[in-house]
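Here's the structure, in structure tokens; my notes come after.
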Amino acid sequence: MFLSVFDVFKIGIGPSSSHTMGPMSAANRFLDLILSPDWPRPAGSAVAAIKMSLHGSLAYTGVGHGSDRAVILGLMGERPDLVNPDRMDEIVAEVERTGRITPPGHPSYAFQPKSDLIFDRKTPLPGHANGMTFSAHDRDDRLLLKRIYYSVGGGFVVTDTELEAMRATKAQAGERKVPYPFATAREMLEMAQRSGLTIAQMKRANEETAMSREELDAGLDRIWAAMTGCIDRGLQGEGIMPGGLKVKRRARMIHDKLQAEWRSNKVNPLLANDWLSVYAMAVNEENAAGGRVVTSPTNGAAGVVPATIRYYLHFHEDADADGIRDYLLTAAAVGGIIKHNASISGAEVGCQGEVGSASAMAAAGLAAVMGGSPEQIENAAEIALEHHLGMTCDPVAGLVQVPCIERNALGAVKAVTAASLAIKGDGTHFVPLDACIETMRQTGVDMNEKYKETSTGGLAVNVVEC
């Protein structure tokens with residue numbers, strides 16, 4: 001099994017990798033399909049209009065997550081990693097005003113968001129909780145083309161047939177031949193023991209089958225630049241976050257207080273935790289505002305990994321660029337194992353699959369740069385994930401704000417604690433990471449749907465919206 005570090009860490013826009021980046025990417029794919037010769041066109045026909053519908057979790061929480069906005073941007077040809085956040089509102093307003101989409105390289109198509117973009121809560125699609133359909137019609141409204149897509153977490157989008165193929169071949173090796181194709185944590189540790197390499201070194205060797213070392217390092221540096229840039233923007237942001245809950249941004253205020261404490265040399269026994277928390281909150285406040293973030297492994301959990309890297313830079317004297325690269329490679333290795341054997345989607349397994357996975361990845365990365373052995377790194381990931389088991393995904397009003405922003409802060413704190421505990425041991429522990437991942441998968445299967453990103457249970461119904 002091989003999942004690239006650039007599949008785990010994707011640059012895109014908030015507030016949700018499944019509900020924003022996924023639908024936008026699906027719209028991009030459908031536009032590409034319209035221009036391709038891969039579908040049989042009736043003689044003399046031409047696409048004149050596009051319609052689409054959101055299903056399952058996308059239908060229940062899509063408004064709060066901005067899924068409709070993401071679809072419109074995608075149908076206008078905007079890409080998650082390239083769209084200008086400062087122009088997004090203008091682009092959406094133009095489509096709403098004209099009732100037409102004008103993607104580059106295409107003719108103009110009719111698309112009325114109020115009638116052609118449907119939130120269908122009554123018809124779940126069978127493949128995944130995050131389902132959507134796109135259809136193309138001629139001038140007489142005859143159906144010419146229809147495709148079903150699923151947003152499976154972390155910004156990944158697949159068609160219904162691709163999803164079936166993925167599930168049918170899950171036990172087989174990955175798509176690309178690599179020297180260290182570990183699909184489980186046990187295989188990862190066995191390969192590390194046989195090769196004498198670290199997890200980061202094995203992951204690097206796998207990545208370098210498709211790119212040079214210089215290209216890999218440049219890509220890793222771009223990921224970190226986007227992450228730390230998001231922290232910096234979040235620490236400068238002020239005011240009320242969009243969506244109607246009237247939740248205030250707090251990261252800047254907390255950051256200002258921490259800086260004052262730092263300058264005064266005032267003793268603060270919670271100093272490290274406070275810095276961790278404010279870094280994570282800065283990212284997720286920026287995400288909630290629709291800014292540019294990096295899936296880590298999702299947007300809803302995007303603050304945990306960047307926060308722990310900034311903590312590493314802040315509190316570890318030997319921190320450097322090579323350490324950040326090793327951190328990201330190690331975290332991606334663990335994230336790939338979790339995604340392959342369970343899920344990182346809140347709509348499938350609850351927030352244990354988002355913040356829990358992020359915390360496990362962050363713990364692994366931090367343990368690696370603290371000098372941990374592969375066994376200690378695996379232990380760190382297991383500790384962090386174990387203590388998120390059963391966590392529900394119940395965003396108030398479908399917005400990635402409450403409890404998501406603070407939940408990232410606590411996920412980062414757990415990651416650092418897990419790494420510290422693991423480093424102080426010898427790597428032996430009672431619960432293997434693979435067993436913890438399988439437990440998360442089973443718990444997600446058993447979890448009631450109202451606790452899996454539908455906003456029909458938990459805090460979402462027990463908190464009075466003001």
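Hydrogens, waters and symmetry mates are skipped; everything else that's a heavy atom, side chains included, is used.
- Nearest heavy-atom pair, G131 versus L58, reported as atom, atom and distance to 0.1 Å: O-CD1, 3.4 Å.
- Between R233 and E286 there is a salt bridge, since a side-chain N of the basic residue sits under 4.0 Å from a carboxylate O of the acidic one.
- The distance from the CD1 atom of I405 to the CG atom of L410 is 13.0 Å, given to the nearest 0.5 Å.
- The backbone N or O of T102 sits nowhere less than 3.5 Å from a side-chain atom of H106 that would complete a donor-acceptor pair.
- M202 contributes atom CE, which lies 7.5 Å from atom CE of M191 (distance to the nearest 0.5 angstrom).
- Crowding of E406 atom CD: a count of heavy atoms from other residues, nucleotides or ligands under 6.0 Å not exceeding 12.
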Verify side-chain contact (heavy atoms from CB on, under 4.5 Å) between I13 and M24, making sure each step is shown before the conclusion.
-> CA-CA 10 Å; I13 61 166; M24 187 184 295; 3.4 Å; yes
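- Ionic pairing of R325 and D320 is not present here: no N-O contact between side-chain nitrogen and carboxylate oxygen is shorter than 4.0 angstrom.
- Summarising the geometry, atom CE belonging to M52 is positioned 10.5 Å from atom OH belonging to Y149; distances are rounded to the nearest 0.5 Å.
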Step by step, work out the side-chain contact (heavy atoms from CB on, under 4.5 Å) result for L3 and K339.
-> CA-CA 9 Å; L3 190 67; K339 181 173 175 61; 3.8 Å; yes
Trace of the side-chain contact (heavy atoms from CB on, under 4.5 Å) decision for L75 with Y109 | CA-CA 10 Å; L75 289 175; Y109 303 124; over 6 Å; no
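- For the pair N206 (side chain) and Y180 (backbone), a donor-acceptor distance under 3.5 Å is present.
- Here the OG1 atom belonging to T228 is positioned 8.5 Å from the OH atom belonging to Y279, to the nearest 0.5 angstrom.
- Heavy atoms of other residues, nucleotides or ligands lying less than 6.0 angstrom from CD of Q193 number 12 at most.
- A cation-pi contact, defined as under 6.0 Å to the ring centre and within 45° of the axis, is absent between R147 and F30.
- Checked by atom type, the side-chain pair S57/T454 shows no donor-acceptor distance below 3.5 Å.
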For side-chain contact (heavy atoms from CB on, under 4.5 Å), just list the numbers for E453 and H65, CA-CA rounded to whole Å, side-chain angles, deciding distance to a tenth of an Å, and then say yes or no.
-> CA-CA 10 Å; E453 209 169 6; H65 283 68; 3.3 Å; yes
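- Formation of a donor-acceptor pair under 3.5 Å by the N287 side chain with backbone atoms of P15 is found in this model.
- Listed for the S359 side chain is a donor-acceptor partner under 3.5 Å among the backbone atoms of G411.
- Side-chain contact between I324 and L220 is absent, with no heavy atoms from C-beta onward closer than 4.5 Å.
- Around atom CZ of R41, more than 12 heavy atoms belonging to other residues, nucleotides or ligands sit under 6.0 Å away.
- The backbone N or O of L33 sits less than 3.5 Å from a side-chain atom of W39, completing a donor-acceptor pair.
- The distance from the CD1 atom of I338 to the CE atom of M440 is 6.0 Å, given to the nearest 0.5 Å.
- With a 4.5 Å cut-off on side-chain heavy atoms, V349 and T443 do not count as touching.
- At most 12 heavy atoms of other shown residues, nucleotides or ligands fall within 6.0 angstrom of atom OH in Y451.
- Ionic pairing of R441 and E438 is present here: one or more N-O contacts between side-chain nitrogen and carboxylate oxygen are shorter than 4.0 angstrom.
- We find that D89 and R69 are joined by a salt bridge, their nearest charged nitrogen and carboxylate oxygen being less than 4.0 Å apart.
- With hydrogens and angles disregarded, a donor-acceptor distance shorter than 3.5 Å links the side chain of N408 to the backbone of C404.
- Using a 3.5 Å distance cut-off with no hydrogens or angles, the side chains of H19 and S151 do not pair a donor with an acceptor.
- Of the possible polar contacts, none joining the Q112 side chain to the V95 backbone as a donor-acceptor pair under 3.5 Å is found.
- Of the possible polar contacts, one joining the E207 side chain to the V5 backbone as a donor-acceptor pair under 3.5 Å is found.
- The backbone N or O of T198 sits less than 3.5 Å from a side-chain atom of Q201, completing a donor-acceptor pair.
- Relative orientation of the Y150 and H128 rings is tilted, given thresholds of 30° and 60° on the angle between their planes.
- Checked by atom type and distance alone, the side chain of D434 pairs as donor or acceptor with a backbone atom of R186 at under 3.5 Å.
- Side-chain contact annotation: Y327 with T308, donor-acceptor N/O pair under 3.5 Å present.
- In this structure, R79 does not pair ionically with D81, as no charged nitrogen and carboxylate oxygen lie closer than 4.0 Å.
- One side chain, T123 or D120, offers a donor N or O that lies under 3.5 Å from an acceptor on the other.
- Using modelled atom types, one finds no donor on one side chain facing an acceptor on the other under 3.5 Å when comparing S345 with S343.
- Looking at E162 and R29, a side-chain N of the basic residue comes within less than 4.0 Å of a carboxylate O on the acidic one, giving a salt bridge.
- We find that D217 and R204 are joined by a salt bridge, their nearest charged nitrogen and carboxylate oxygen being less than 4.0 Å apart.
- For the residue pair T159 / T161, a side-chain donor-acceptor distance below 3.5 Å is found, with atom types taken as modelled.
- Checking H55, R121, K452, K450 one by one against Y60, the side chain to side chain contact (heavy atoms under 4.5 Å, CB included) holds for a single residue, R121.
- From L328, atom CG reaches atom CG of D221 across 9.0 Å, with rounding to the nearest 0.5 Å.
- Residue-environment remark: CZ (R100) exceeds the threshold of 12 foreign heavy atoms within 6.0 Å.
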